[in-house]
Amino acid sequence: MALGENFRLWLQGIDLTQSENGDNLALLRTLYAAGRQSLPFARLLEGHVDAIQILYRTLGQADRSYLDALLESGASVGVWNADLPGAPLSLINETLSGGKAFASGAGILSHALVTLNAGDKDHVQLLLLDLSKVPPEIDTTWWNVIGMQASETHIVRWNGAISQSDWKVGEPGDYEKEPWFSGGALRFVAVQAGAIAALFDGVRDHLIKTGRDQDVHQTDRLAELYTCADISAALVRQTASCSEDTVETKLARVAHARTVVCDQAERAILLAQQCVGVKSMFRDHPLSDIICNLMVYLRQPAPDAHKQKVGRAAAAGGIQPQL
């Protein structure tokens with residue numbers, strides 16, 4: 001089955017045009033379920049959702065019809081934002097040159113939403129590339145990591161691809177507009193929460209299979225692992241349903257969810273390793289992939305900055321504990 005068809009099956013019944021903030025609970029539950037099943041797949045699904053939400057938000061009605069036709073044909077889309085150090089993506093004299101790092105889905109996606117002037121918030125220009133028409137060079141040797149290998153996250157380069165006028169999407173600065181840019185992080189937090197649930201599933205199954213599910217120390221650890229999973233899912237659900245009026249408060253809550261779920265995931269990894277022991281580090285053990293994939297996927301950009309955002313909002317009274 002083509003990746004785009006797989007995406008469409010997972011997203012059946014979800015109207016992405018109505019969940020631009022990434023806070024639609026049905027969508028988040030789908031991403032959570034995907035993370036519980038396979039983190040590399042969920043990474044690509046989340047990137048596809050991100051791209052489609054951006055496109056629906058920025059395209060005119062005629063172009064939306066074109067997008068609908070693309071999706072109906074099974075298109076799979078990703079967002080490639082991180083410039084290749086020393087060779088940022090550029091469009092000069094109608095030709096595309098330079099590259100992107102951390103290009104998830106390189107070689108398997110049909111389209112990519114890429115950025116020019118990445119890092120310059122007010123001047124970032126989005127381009128939608130049909131990768132069958134402007135295929136990049138793909139460096140698959142770079143992605144030499146302990147987890148998330150199956151996400152096919154590679155370095156991509158173009159050398160003089162001829163520009164098309166319909167590549168440009170929206171206006172400069174549209175990409176990082178709030179609350180969509182930071183608020184959309186709740187999507188990958190839901191994926192991470194699903195992976196924590198997968199750790200719980202795997203440890204429970206291992207303990208039952210090995211006859212250790214009545215051991216008092218192991219059941220204590222399993223209870224704590226359940227707590228990690230439950231807190232993470234509850235926090236995603238709570239953040240999705242918050243009704244604060246200000247953008248700042250909303251984004252502070254998403255930043256809080258990011259930091260707490262990351263902490264819970266790191267605790268869950270440790271508990272899983274304590275429960276299963278060295279067997280969890282054997283490549284053929286079901287938990288090995290989950291642990292390694294989650295360790296890599298947790299490494300999202302600027303964790304300290306997001307924690308500071310929470311602290312500043314708390315100091316200003318924008319967020320406070322309540323039942």
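These numbers come from a predicted model, not from an experiment.
Checked by atom type and distance alone, the side chain of Ser182 never pairs as donor or acceptor with a backbone atom of Glu178 at under 3.5 Å. Between the side chain of Ser73 and the backbone N or O of Leu70 there is at least one donor-acceptor pair closer than 3.5 Å. Between the Asn24 side chain and the Leu27 main chain, a donor and an acceptor come within less than 3.5 Å of each other. Counting only distance, with no hydrogens or angles, the side chain of Asp83 and the backbone of Pro85 share no donor-acceptor pair below 3.5 Å. Side-chain atoms of Asn293 come within 3.5 Å of backbone N or O of Asp289 as a donor-acceptor pair. Of the possible donor and acceptor atoms, none in the side chain of Arg157 sits under 3.5 Å from a partner among the backbone N and O of Gly99. Side-chain atoms of Asp139 come within 3.5 Å of backbone atoms of Thr141 as a donor-acceptor pair (strictly under, hydrogens ignored). Remark: side-chain polar atoms of Ser110 are paired, donor with acceptor, to backbone N or O of Ser76 under 3.5 angstrom. Without hydrogens or angle criteria, Gln125 side chain to Val169 main chain gives a donor-acceptor distance under 3.5 Å. Between the Ser280 side chain and the Val276 main chain, no donor and acceptor come within less than 3.5 Å of each other.
Side-chain contact between Pro136 and Val134: absent, with no pair of heavy atoms (C-beta onward) separated by less than 4.5 Å. Using a 4.5 Å heavy-atom cutoff, the side chains of Leu199 and Arg36 are not in contact. At a threshold of 4.5 Å between non-hydrogen side-chain atoms, the residues His217 and Gln274 do not count as touching. Residues Leu225 and Arg221 are not in side-chain contact: their nearest non-hydrogen atoms beyond the backbone lie 4.5 Å or more apart. No side-chain heavy atom of His256 sits under 4.5 Å from any side-chain heavy atom of Thr239. Contact annotation: the side chain of Leu109 never approaches that of Val77 to less than 4.5 Å [non-hydrogen atoms, C-beta and beyond]. Contact annotation: the side chain of Cys228 approaches that of Leu271 to within less than 4.5 Å [non-hydrogen atoms, C-beta and beyond]. At a threshold of 4.5 Å between non-hydrogen side-chain atoms, the residues Leu126 and Val114 do not count as touching.
In this structure, His285 and His206 have tilted ring planes: the angle between them lies in the 30° to 60° band. Using cut-offs of 30° and 60° for the angle between ring planes, the Phe7 and His48 rings count as tilted. Using bins of under 30°, 30° to 60° and over 60° for the plane-to-plane angle, the ring pair Phe188/Tyr297 lands in the perpendicular bin.
Between Arg267 and Glu224 there is a salt bridge, since at least one side-chain N of the basic residue sits less than 4.0 Å from a carboxylate O of the acidic one. Using a 4.0 Å cut-off between charged nitrogen and carboxylate oxygen, Lys121 and Glu176 do not count as a salt-bridge pair. Using a 4.0 Å cut-off between charged nitrogen and carboxylate oxygen, Arg212 and Asp215 do not count as a salt-bridge pair.
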inquiry  = One pair to check against side-chain hydrogen bond (donor to acceptor under 3.5 Å, both in side chains): Gln308 and His306. What are the steps and the verdict?
reply    = CA-CA 5 Å; Gln308 290 163 12; His306 295 289; over 6 Å; no

ask   = Would Thr115 and Lys100 satisfy side-chain hydrogen bond (donor to acceptor under 3.5 Å, both in side chains), going step by step from the backbone distance to the final call?
value = CA-CA 9 Å; Thr115 53; Lys100 293 292 181 182; 2.8 Å; yes

Derivation and outcome, salt bridge (charged side-chain N to carboxylate O under 4.0 Å, His left out), residues Glu72 and Arg8 = CA-CA 8 Å; Glu72 186 63 27; Arg8 187 164 60 178; 3.3 Å; yes

request  = Carefully, step by step, assess Val191 and Arg43 under the rule side chain to side chain contact (heavy atoms under 4.5 Å, CB included).
outcome  = CA-CA 8 Å; Val191 171; Arg43 166 70 190 96; over 6 Å; no

key: Working for salt bridge (charged side-chain N to carboxylate O under 4.0 Å, His left out), residues Arg299 and Glu266   = CA-CA 11 Å; Arg299 303 278 69 86; Glu266 290 178 338; 3.1 Å; yes

query = Can Gln53 and Arg187 be said to form a side-chain hydrogen bond (donor to acceptor under 3.5 Å, both in side chains), step by step?
reply = CA-CA 12 Å; Gln53 288 184 334; Arg187 292 186 305 268; 3.1 Å; yes

inquiry  = side chain to side chain contact (heavy atoms under 4.5 Å, CB included) for Leu91 and Thr95? Distances and angles first, verdict last.
reply    = CA-CA 5 Å; Leu91 185 61; Thr95 61; 5.7 Å; no

key: CA sep, side-chain torsions, deciding dist, call: Ser132, Asp130, side-chain hydrogen bond (donor to acceptor under 3.5 Å, both in side chains)   = CA-CA 5 Å; Ser132 68; Asp130 183 335; 2.6 Å; yes

key: Worked verdict on Val49 versus Glu46 for side chain to side chain contact (heavy atoms under 4.5 Å, CB included)   = CA-CA 5 Å; Val49 169; Glu46 189 276 325; 5.6 Å; no

request  = Please report the C-alpha distance between Ile138 and Ile155 in whole Å, then the side-chain angles of each, then the deciding distance to 0.1 Å, and finally whether the side chain to side chain contact (heavy atoms under 4.5 Å, CB included) criterion is met.
outcome  = CA-CA 6 Å; Ile138 303 174; Ile155 286 174; over 6 Å; no

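Under the 4.5 Å side-chain heavy-atom criterion for ILVMFWY residues, no single connected hydrophobic cluster contains both Met281 and Val203. Hydrophobic clustering (ILVMFWY, side-chain heavy atoms < 4.5 Å, transitive): Tyr66 and Ile54 are in distinct clusters. In the hydrophobic clustering of ILVMFWY residues, with side-chain heavy atoms under 4.5 Å counting as a link, Ile319 and Val236 come out apart.
Residue Ser104 comes nearest to Trp80 through the heavy atom pair O-NE1, 3.0 Å, listed as atom of the first residue, atom of the second, then distance. The shortest non-hydrogen separation linking Trp143 to Ser151 is NE1-OG, 3.8 Å. Closest non-hydrogen pair, Gln218 versus Cys275, comes out as NE2-O, 2.9 Å. Residue Val189 comes nearest to Ala257 through the heavy atom pair CG1-O, 3.9 Å, listed as atom of the first residue, atom of the second, then distance. Nearest heavy-atom pair across Leu287 and Gly202 is CD2-CA, 3.9 Å. Closest of all the heavy-atom pairs between Val124 and Ala118 is CG2-CA, 4.2 Å.
In this structure, CD1 on Ile196 lies 11.0 Å from CG on Asp230, to the nearest 0.5 angstrom. Separating the CG atom in Leu298 from the CZ atom in Arg258 is a distance of 11.0 Å, to the nearest 0.5 Å. The CZ atom of Arg29 lies 11.0 Å from the CD1 atom of Ile14; values are rounded to the nearest 0.5 Å. Going from atom CG of Leu96 over to atom CG of Leu127 covers 6.5 Å, rounded to the nearest 0.5 Å. Rounding to the nearest 0.5 angstrom, the gap separating the NZ atom in Lys279 from the OG1 atom in Thr210 is 6.5 Å. A distance of 9.0 Å separates CG in Leu31 from CH2 in Trp10, rounded to the nearest 0.5 Å.
Side-chain polar atoms of Asn159 and Glu137 form a donor-acceptor pair below 3.5 angstrom.
Within 6.0 Å of CZ in Phe181 there are more than 12 heavy atoms belonging to other residues, nucleotides or ligands. Residue Phe41 places its CZ atom among more than 12 non-hydrogen atoms of other residues, nucleotides or ligands, all under 6.0 Å distant.
Two rings, from Tyr175 and Trp180, have their centers 6.0 Å or more apart.
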